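To find a chain, count down the sequence lines: A is the first, B the second, and so on, and within it residues start at 1. Side-chain atoms are counted along with the backbone in the values below, which use heavy atoms only and exclude waters and symmetry mates. All values derive from a computational prediction rather than experimental measurement.
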Amino acid sequence: MANAYVKIARDGLWDNNGVFSMLLGMCPTMAMTTSATNGFGMGLATAAVMAASSLLVAAARNAITQEVRIPVFILIVAAMVTLVDLAMNAWMHELYKVLGLFIPLIVSNCLPLARLEAFAAKAPIVPALVDGLCMGIGFTIALTAIGAVREIAGSGTLFADASLLLGPSFRFMELRLLPADRGVLMMILPPGGFLVTGFLVVVKRLLDLRAGKEIQMSGAHAVA
Amino acid sequence: MKEYALMMIGAALVNNVILARFLGLCSFMGVTTRIDTAAGMGLATTFVITVSSMADWAVQNYLLAPFGLGFLRTVTFILVIASAVQFTELTVRKVSPSLFQMLGIYLPLITTNCAVLGVALLLVESRLSFLASALFAFASSLGYSLVMVIFAGLRERLALATVPRLFAGPPIGFIVASLLAMAFMGFSGISTG
């Protein structure tokens, strides 16, 4: 039984990583990774929504009929997003102002919906919760990684403004790696988002290849 | 009149939905393998964005704002969008069965295309009049369709090229998209008032 959970966790965190393998949830991945902190915050919000909605869908899976499942899923996700939206507005207002539009847009992020359809709708409560949480954390890791690369290359800092998100005691994470005028502005601008994501997908394939695994050529970029 | 024209150019090219605002990327990567599919998708999405933005404008100004129900915005908007998509699906199936076949799974998935919800939410923030909102939504979705078709053209050529195995598929797509985004940044010099 414990093995099953390890597999779910490994799937979510690395093997089937929502961003790098399945290429889902691309919009926040590109838009909110101008810095590692933004990516981290966006990832956490998405992870919270995914865990909560997976739990609810798994709990209600016998009551949801096949025909109406998509609207029901979307409404459950939308309700969770509204909760996260209000909570972040109240308690993390600075970050909320940065993420702005993209918090309500978690509703139309395909990753939560894809996991609900593929996993939570058929699984008992606990595995569904673990899957939602691990997929969410995997998403957070991917966003933080993309954000970190773009931030270092673009503005020369790492985790700038982390204290706004996590509280003043995390000020030590705010690093400056390059002098202020050395950044390549393009990495912060939209083209950099595409470029870094493309190269990080290649890095993941390279690591998978090193580990002796087959590379997933398809990527489930056929969903949503 | 001039303001409207500038606003529409700004929405379509300068602040392009896909390449500058990063909305609707799933369909951007997903249905752009052939030009005709991409054009069909662009057409369907244009219709959905315009119709649902107008409906969302009405919902926002006559229902949510007067009764202080702003916190229900996400839920109501997604319902309006889902209905608009359902309506489009019925229309497309009736009018052009071959396009319906081609779009397949992507048609219902316009609901989760963040460009639709994103434009509607942008309009709430910008507090435009009804006419301006409708034009903004229409211009945004035209910009969306334009980029979809351009990118599909690029990918049709890309399919013939030899790409290193590690880069095959999505990664090379991202890198091409990055170049396209850089090209579109050239529009940012246009003054939009």
Worksheet entry | Atom group of B/Phe184 that falls short of 4.5 Å from chain A, counting heavy atoms | neither
Item to complete: Measure from the side-chain N and O atoms of A/Arg150 to the backbone N and O of A/Met30, and report whether any donor-acceptor pair falls under 3.5 Å.
Response: yes
Practice prompt. Find out whether B/Met182 and A/Phe194 are in side-chain contact, i.e. whether some heavy atom of one side chain is under 4.5 Å from a heavy atom of the other.
Written response: no
Fill in: Contact class of A/Met32 relative to chain B, heavy atoms under 4.5 angstrom
neither
Fill in: Residue-level interface, residues 72-85 of chain B with chain A, non-hydrogen cut-off under 4.5 Å
B/Thr74, B/Val75, B/Ile78, B/Leu79
Response to the item:
Given A/Pro71, A/Ala79, A/Gly198, the one with more heavy-atom pairs under 4.5 angstrom with chain B than any other is A/Gly198
Item to complete: Take B/Arg155 and B/Thr33, measure what side chain to side chain donor-acceptor pair (under 3.5 Å) needs, and give me the verdict at the end.
Response: CA-CA 6 Å; B/Arg155 283 183 80 169; B/Thr33 42; over 6 Å; no
Worksheet item: Does any N or O in the side chain of A/Ser21 come within less than 3.5 Å of the main-chain N or O of A/Asp15, such that one atom is a donor and the other an acceptor?
Response: yes
Worksheet item: Is B/Ser27 reaching over with its side chain to a backbone N or O of B/Gly30, donor-acceptor style, under 3.5 angstrom?
Response: no
Item to complete: Output the option from A/Val201, A/Val77, A/Leu195, A/Val81 having the highest count of non-hydrogen pairs under 4.5 Å with chain B.
Response: A/Leu195
Discussion item. Within residues 141-154 of chain B, which residues come under 4.5 Å of chain A, heavy atom to heavy atom?
Written reply: none
Worksheet entry | Heavy-atom proximity to chain B below 4.5 Å, by part of A/Leu189 | side chain
